[in-house]
Student: 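Below you'll find the structure I mean.
Remember, it's 1-based here, ligands and their atoms both numbered in the order they're listed. Keep in mind that what you see is a predicted model, and the values were worked out from it rather than measured.
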Amino acid sequence: MNGYSIKPSNGDLAVEAQGLVKVFGENRAVDGVDLQVKAGSIYGVLGPNGAGKTTTIRMLATLLKPDAGTGRIFGYDVEKDSQIVRQLIGVTGQYASVDESLSATENLVIFSRLLGLGRAESKRKAAELLEEFGLTEAAKRPLKNFSGGMRRRLDLAASLIAQPPLIFLDEPTTGLDPRTRAQMWETIRRLVKTGSTVLLTTQYLDEADQLADRIAVIDRGHVVAEGTVDELKASVGTSSLQLRVQQASDILEARRIVNHVLQVQSNVSSEAAKITAPMADADRVTDLLLALREAGIQLSEVSVQKPTLDEVFLTITGEGLKEEAAAQ
Ligand SMILES: Nc1ncnc2c1ncn2[C@@H]1O[C@H](COP(=O)(O)OP(=O)(O)OP(=O)(O)O)[C@@H](O)[C@H]1O
Ligand SMILES: [Mg+2]
């Protein structure tokens, strides 16, 4: 696949993290994270802002020293074997800006030459990648004039030159327009089809739904859920019930009744006076509505939805990604 002479010593797991910890002052940003990523898969890491996703990736990519725990990449220790690990991984953000004053083409050519490709081959590769990423028109412009979306595309293009066995993509499509996002997804799938493993973080649940073979949800430095998309969806029940109470002051009592009648742990988002509960048995809704009426609690909204990753998120972390993002 490329010029790497190092043979992964652990063919099965591309990433294995055990009890990873990173403390910044008083803040346990990563507080005992365990991860296992099978070689040849796309692994998604989800979590609200500040959950510790980037910090975890930085430790696994040898860019930050863990305070405790171990990280292994294809069996190699991120601390003891960091030199080897660095040759097995790509991290976006690392390549594209060799020099801000040079053009996109020049940057890609330099990068190819650094990887040992010949002059003609480097030029051909650069032109080919710029074409694939719709950057041909901008190829001659200096990088410092590139938009955020163009930079990200160039960044991923650069990681295709070397195509390392493991690629970390930290929010690869944040801020991209829908067409470019779809293009990125195609590229990521292509990377995996041709032998790479991808670990990506994302704020977009649909992205994880579309791309990831398995997902870890990280919240406050912990992995709070792990599994395939279907497993995670199943874990919140076959459907989810959403209730909104008219009087915000009723919310706690309403929640108590929901938990009691449905025999579940529901979640409350207080500002919206909304309760979300997993619901395995649709029959119980009638009982619930009667119980709420008996208690004199008036509802402004009732709906039953099939689970989405959004619900999974809400149920697991007690807060939605979108609400979290909106609060920022
Ligand atoms: N270099 C640093 N020094 C001090 N605190 C840091 C540093 N890097 C991250 N943090 C803190 O660690 C916590 C986790 O940050 P991290 O960037 O890993 O979160 P994240 O899950 O990637 O969030 P986002 O979705 O916003 O990218 C945050 O509270 C952040 O403020
Ligand atoms: Mg981050």
Student: To check your reading of the model: name the closest protein heavy atom to atom 26 (O) of ligand 1, its residue, and the distance in Å.
Tutor: Asn49 ND2, 3.0 Å

Student: Just wondering, more than 12 heavy atoms not from Glu137 lying within 6.0 Å of its CD?
Tutor: no

Student: What atoms of ligand 1 come within less than 4.0 Å of a heavy atom belonging to Thr54?
Tutor: 17 (O), 18 (O), 20 (P), 22 (O), 27 (O)

Student: Of all the atoms in ligand 1, which lie at a distance below 4.0 Å from a heavy atom belonging to Ala51?
Tutor: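 Near Ala51, the atoms of ligand 1 are 19 (O), 20 (P), 21 (O).
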
Student: Are Glu100 and Lys144 close enough for a salt bridge, meaning some N to O gap below 4.0 Å?
Tutor: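 Between Lys144 and Glu100 there is no salt bridge, as every charged N stays at least 4.0 Å from the carboxylate O atoms.
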
Student: Does Gly47 come within less than 4.0 angstrom of ligand 1, counting non-hydrogen atoms of the residue?
Tutor: no

Student: Provide, to 0.1 Å, the distance between atom 23 (O) of ligand 1 and the closest protein heavy atom, together with that atom's residue and name.
Tutor: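 Nearest neighbour among protein heavy atoms for atom 23 (O) of ligand 1, to 0.1 Å: Gly50 N, 2.7 Å.
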
Student: With nothing but distance in play, are any N or O atoms of Gln203 less than 3.5 Å from an N or O of ligand 1?
Tutor: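 The answer is yes, given that Gln203 and ligand 1 share an N or O pair closer than 3.5 Å.
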
Student: Considering only heavy atoms of Ala29, which atoms of ligand 1 have at least one such atom less than 4.0 Å away?
Tutor: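 In order of number, 12 (O), 13 (C), 14 (C).
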
Student: Testing the 3.5 Å rule here: is there a donor-acceptor pair between the side chains of Arg214 and Thr228?
Tutor: no

Student: No waters, cut-off 2.8 Å: how many protein N, O or S atoms are close to the Mg ion (ligand 2)?
Tutor: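 Atoms of protein N, O or S type lying less than 2.8 Å from the Mg ion (ligand 2) total 1.
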
Student: Is any side-chain N of the basic residue among Lys125 and Glu121 closer than 4.0 Å to the acidic one's carboxylate O?
Tutor: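 Answer for the salt bridge query: no.
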
Student: Shared ILVMFWY cluster between Ile257 and Leu290, side chains joined below 4.5 angstrom?
Tutor: no

Student: So does Arg72 pair up with Glu79, basic N to acidic O under 4.0 Å?
Tutor: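 So Arg72 does not pair with Glu79 through a salt bridge.
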
Student: Closer than 4.0 angstrom, basic N to acidic O: yes or no for Arg181 and Glu207?
Tutor: yes

Student: Answer yes if the side chains of Ser103 and Glu106 hold a donor-acceptor pair under 3.5 Å, and no otherwise.
Tutor: yes

Student: Can you confirm whether more than 12 heavy atoms, excluding those of Arg189, are under 6.0 Å from its CZ atom?
Tutor: yes

Student: When you compare the side chain of Leu288 with that of Leu241, does any pair of heavy atoms fall below 4.5 Å?
Tutor: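 Of all side-chain heavy-atom pairs linking Leu288 with Leu241, at least one is under 4.5 Å.
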
Student: Can you confirm whether the side chains of Glu226 and Tyr43 place a donor and an acceptor under 3.5 Å from each other?
Tutor: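 Yes, a side-chain donor-acceptor pair sits under 3.5 Å.
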
Student: Run the numbers on Leu20 and Leu35 for side-chain contact (heavy atoms from CB on, under 4.5 Å), then give the verdict.
Tutor: CA-CA 9 Å; Leu20 276 185; Leu35 284 179; over 6 Å; no

Student: Quick one: look up the protein heavy atom nearest atom 16 (P) of ligand 1 and list residue, atom name and how far away it is.
Tutor: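 Residue, atom and distance for the closest contact: Thr55 OG1, 3.5 Å.
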
Student: Under a 4.0 Å heavy-atom limit, does Asn27 contact ligand 1 with its side chain, its backbone, both, or neither?
Tutor: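 Within the 4.0 Å criterion, Asn27 contacts ligand 1 through side-chain atoms alone.
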
Student: Looking at atom 2 (C) of ligand 1, what's its closest protein heavy atom, distance included?
Tutor: Phe24 CE2, 3.5 Å

Student: Hey, does Glu171 sit under 4.0 Å from ligand 1 if you only count heavy atoms?
Tutor: yes

Student: Non-hydrogen atoms of Arg58 versus ligand 1: any pair closer than 4.0 Å?
Tutor: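 It does not, in that no heavy atom of Arg58 comes within the 4.0 Å cut-off of ligand 1.
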
